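One structure is given below, encoded as structure tokens.
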Amino acid sequence: MSQAFAHQRVLILTGAGISAESGLKTFRDADGLWEGHRIEDVATPEAFARDPDLVYDFYNQRRRSLREVTPNAAHVAIAKFEHQHIASGGEFLLVTQNVDDLHGRAGSKRLLHMHGELIKARCLDRGEVLNWTDDLDQSSVHPRSKMPGRLRPHIVWFGEVPLHLDEIFDFARRAEVFIAIGTSGVVYPAAMLVNATPPHCRRILLNLAAAENATAFDEVMLGAATQLVPQLLGSSN
């Protein structure tokens, strides 16, 4: 484990770039479409109300794709660092913008999904969140209420408030090390996390290309996450 971060409060933020290296498609294509769909058609509450079958199908396909991929070296390095860092007396939090389950499968525990999770469903009536790995549609039944059509993907859609913001920004305001991995720096409020860290915080960006908010970081390392993350977190320097 890297001794550079020993006994410090470390916050890591991950974005689509880290999962792309496992073979998962990033939702938004270069032309602004999400795998052939307009955002307004598959990623808003209004879209779900207007055409639930289309929205269910879109996320069912994304959920199925998780069976075809595995955590990569970057996911594993973060999980290993977390366990060793906490064991040695440090504080740690991993925040991901990703809705896949690769961090969890790699072994991460102190993990918050700010945009929801593909492998969970949410009750429209109670807000209760359920583990859900199968397809989801209008015939899906809540295991307790037995009511069909009352479950939605546990995904934060455009126009909705990301999850766990109080806990995330509270940790950011006290962070001593902030590491952003595979993020574009254009999705808010995640892009604001670096600005929420205190002046003495060491801010490090790991990305294939400089993010939009790269100037807010003290150090920028460009390259593949599968190479840079184990190097940074596993170094003895």
Side-chain angles (χ1 to χ4, degrees), residues 14-76 78-79 94-109 111-124 127-160 162-163 181-184 187 190 224-226:
T14 63
I18 192 170
S19 294
E21 292 186 44
S22 280
L24 276 181
K25 293 182 180 179
T26 57
F27 272 22
R28 189 178 301 193
D29 299 325
D31 58 6
L33 298 178
W34 281 21
E35 298 190 20
H37 297 284
R38 296 190 313 146
I39 289 171
E40 295 84 357
D41 293 335
V42 294
T44 66
E46 294 78 14
F48 185 63
R50 182 173 59 249
D51 192 347
D53 289 335
L54 174 63
V55 175
Y56 279 131
D57 183 64
F58 179 81
Y59 291 99
N60 286 340
Q61 292 182 49
R62 309 288 80 70
R63 194 178 301 107
R64 291 177 208 139
S65 71
L66 296 181
R67 303 168 190 165
E68 304 170 4
V69 297
T70 58
N72 61 48
H75 295 108
V76 173
I78 292 170
L94 171 61
V95 176
T96 187
Q97 298 171 263
N98 302 331
V99 296
D100 60 67
D101 62 346
L102 294 179
H103 280 304
R105 284 159 59 187
S108 292
K109 302 297 183 185
L111 166 65
L112 295 177
H113 284 263
M114 67 186 307
H115 293 154
E117 300 177 68
L118 279 171
I119 59 169
K120 293 185 178 179
R122 190 189 317 159
C123 176
L124 290 168
E128 181 183 5
V129 177
L130 311 169
N131 292 327
W132 201 279
T133 56
D134 297 325
D135 282 358
L136 189 65
D137 56 39
Q138 295 192 68
S139 67
S140 299
V141 175
H142 189 291
R144 279 181 289 282
S145 70
K146 307 301 181 183
M147 289 287 293
R150 304 307 299 161
L151 295 173
R152 58 162 276 183
H154 182 51
I155 301 294
V156 175
W157 288 324
F158 287 88
E160 297 182 326
L163 307 173
I181 303 166
T183 65
S184 63
V187 178
T226 47

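Remember, predicted model here, so these are calculated numbers, not experimental data. The analysis underlying the following values was restricted to heavy atoms, covering all of them including side chains, and did not include hydrogens, waters or symmetry mates. Here, residue 1 is the first one in the sequence, and each next residue gets the next number.
Under a 3.5 Å cut-off, the side chain of Gln138 and the backbone N or O of Pro148 do not form any donor-acceptor pair.
With sequence neighbours excluded, the residues that form a ring-ring contact (aromatic ring centres under 6.0 Å, His included) with Phe48 are Tyr56, Trp157. Residues passing the side-chain hydrogen bond (donor to acceptor under 3.5 Å, both in side chains) test with His115, sequence neighbours excluded: none. Listed by chain and residue number, Arg105 satisfy the salt bridge (Lys or Arg N to Asp or Glu O under 4.0 Å) test with Asp101 (two or more places apart in sequence, or in another chain). Ala73 is linked by a side-chain contact (heavy atoms from CB on, under 4.5 Å) to Thr226, Pro230, counting only residues two or more places apart in sequence or in another chain. Scored by the ring-ring contact (aromatic ring centres under 6.0 Å, His included) test, His75 finds His103 as partners (sequence neighbours excluded). Considering only residues two or more places apart in sequence or on other chains, Ser22 meets the side-chain hydrogen bond (donor to acceptor under 3.5 Å, both in side chains) condition with Asn72. With sequence neighbours left out, Asp51 forms a side-chain contact (heavy atoms from CB on, under 4.5 Å) with Asp53, Leu54. Asp134 pairs by the side-chain hydrogen bond (donor to acceptor under 3.5 Å, both in side chains) definition with nothing, not counting sequence neighbours. For Leu163, the side-chain contact (heavy atoms from CB on, under 4.5 Å) partners are His154, Val156, not counting sequence neighbours. Residues passing the salt bridge (Lys or Arg N to Asp or Glu O under 4.0 Å) test with Arg63: none are found, sequence neighbours excluded. By the side-chain contact (heavy atoms from CB on, under 4.5 Å) test, Ser140 is found to be paired with Trp132, Leu136, Asp137, Leu151, residues two or more places apart in sequence or in another chain being considered. Ser108 pairs by the side-chain hydrogen bond (donor to acceptor under 3.5 Å, both in side chains) definition with nothing, not counting sequence neighbours.
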The test is side chain to side chain contact (heavy atoms under 4.5 Å, CB included); show your working for Ile18 and Leu102 and say whether it passes. CA-CA 10 Å; Ile18 192 170; Leu102 294 179; over 6 Å; no
Pair Val95, His113 - check side chain to side chain contact (heavy atoms under 4.5 Å, CB included), show working.
CA-CA 6 Å; Val95 176; His113 284 263; over 6 Å; no
With side chain to side chain contact (heavy atoms under 4.5 Å, CB included) as the criterion, how do Leu24 and Asn98 come out once you've worked through the C-alpha distance, each side chain's angles and the decisive distance to 0.1 Å?
CA-CA 11 Å; Leu24 276 181; Asn98 302 331; over 6 Å; no
TODO: Begin from the C-alpha positions of Arg38 and Glu46 and carry the test salt bridge (Lys or Arg N to Asp or Glu O under 4.0 Å) through to its verdict.
DONE: CA-CA 13 Å; Arg38 296 190 313 146; Glu46 294 78 14; over 6 Å; no
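Of all the heavy atoms in Gly127 and Arg122, the pair that sits closest is O-CG, 3.7 Å. Taking each heavy atom of Ala79 and Ala106 in turn, the nearest pair found is CB-O, 3.4 Å. Nearest heavy-atom pair, Val69 versus Gly23, reported as atom, atom and distance to 0.1 Å: CG1-C, 4.2 Å.
Contact check for Asp41 versus Val55: no side-chain heavy atoms found under the 4.5 Å cut-off. Taking 4.5 Å as the limit, some side-chain heavy atom of Gln97 sits within range of a side-chain heavy atom of Thr183. Leu112 has its side chain out of reach of Leu94: every pair of non-hydrogen atoms, C-beta onward, lies at least 4.5 Å apart. No side-chain heavy atom of Glu117 sits under 4.5 Å from any side-chain heavy atom of Val99.
Ion pairing of Asp100 with Arg62 is absent here, as no side-chain N (NZ or NE/NH1/NH2) approaches a carboxylate O to less than 4.0 Å.
Rounded to the nearest 0.5 Å, atoms CD1 (Ile181) and OG (Ser19) are 11.0 Å apart. Arg64 contributes atom CZ, which lies 14.5 Å from atom OH of Tyr59 (distance to the nearest 0.5 angstrom).
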